[in-house]
There are 2 protein chains.
Amino acid sequence: MALDLFERHGYAATTVDQIAAAAGITPMTFFRHFPTKDAVLVTDPYDPLIAESVAAQPEALRPVERVRRGLLAALGEISAAEDATARRRVALVATSPALRAAVVAGTEETQAAIVERLVTGGCPRLDAAVAASACLAATTTALLAWGSEPEDVTLAELVRRALDQLAPVGSAS
Amino acid sequence: MALDLFERHGYAATTVDQIAAAAGITPMTFFRHFPTKDAVLVTDPYDPLIAESVAAQPEALRPVERVRRGLLAALGEISAAEDATARRRVALVATSPALRAAVVAGTEETQAAIVERLVTGGCPRLDAAVAASACLAATTTALLAWGSEPEDVTLAELVRRALDQLAPVGSAS
DNA sequence: CCCTCACATGTTAGTGACTAACATTGGCGG
DNA sequence: CCGCCAATGTTAGTCACTAACATGTGAGGG
């Protein structure tokens, strides 16, 4: 599949024509299944779950803390869905600027979802956007790092460690 | 110039050919001056300054706090360089996913510079990357928000407010 | 059993960002 | 005045992605 081609020749050096040929379809058909070349590797089905999870945290918390706890709470269900190729995909994404950009573009939607929930909870929009973007950046950084970690390191572990850095001093997790 | 075209027709709808024609040059020549279309709007001359500023903060601080203070310290010199078109550029960047992606790609270099300084100070690489990405995300969010703020709101003000959210509880700035 | 409708796929042709190889100009020191 | 270097132009190509239209194939109803 496409993943193999990317790993062999690099993401940029692999053309959509090659992927399509390897899959026995036309380039046209490829674009009917995936809106962009990078969509083969980068997907983002968790937005609603995460937004819910953030909204479920106590409104009294400061925005960063609310988002942080929301992400940690969502983490269980998400990392359970880690399939076998997840790490390979992530490792690949980490190697290409274009792919990293695609990931960030994807998280923009997650960020927007979180911001909406925070704003309806009375949080000023700027503060909400800052809290969401900072926490998601930390999470994304952990995700990308995970790709080059040894097999036995879990994603949840890294994300937890990342988000702990944004916790109020003295209180871990 | 290109900025006017972008504002009139939108970034995506403005082709490099049009920009080149408006400037009285060939598309080819355009690409000799700017590596990409987005480079007209997105530039990043501050990396070394910021990295220095981060390194100048006490090593004893937690990584996030060190980066945070470093960014705040660098803020003075940077926002002094705000020229007249800065706000227009930022407002434009905020409107286009492709341009926001370009900004993020640009910050990756800044992040890398910061991480190097933190790592040589004894900070684990993951923690350094997380701290840098979170603080830079907060800063970038403030920057983008600035584009749609009223004239009298300064960039420094917004960035300060953004970074204050990542400060240890109870201590502002 | 055939017909038809719908949907997945193919075909062709184009646009726009970017690149490489090579030609051309223009000013400036010798 | 000559040659040299740098900036610019020319041509032709690659690759991601799109639009308009054609084809084929399978499922369901007559």
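Sequence lines set the chain letters: A, B, ... in the order given, protein chains first and strands last, and positions in each chain run from 1.
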Any side-chain heavy atom of B:Val67 within less than 4.5 Å of one from B:Leu166? no

OP1 or OP2 of C:dG10 under 4.0 Å from side-chain N/O of A:Thr26: yes

Would you say B:His33 places a side-chain N or O within less than 4.0 Å of OP1 or OP2 belonging to D:dT8? yes

Atom pair CD/CZ of A:Glu65 and A:Arg69 - distance to nearest 0.5 Å: 4.5 Å

Gap separating the CG atom of A:Asp44 from the CD1 atom of A:Ile50, nearest 0.5 angstrom: 7.5 Å

Scan side-chain atoms only and decide if A:Thr36 and A:Asp38 contain a donor-acceptor pair under the 3.5 Å cut-off. yes

Between C:dG10 (P) and A:Ile25 (CD1): distance, integer Å: 7 Å

Is any side-chain N of the basic residue among B:Glu149 and B:Arg87 closer than 4.0 Å to the acidic one's carboxylate O? no

Per-nucleotide protein contact string for nucleotides 12-26 of chain D, where B marks a base within reach and S marks sugar-phosphate only (heavy atoms under 4.0 Å, - for neither): ---SSBBB-------

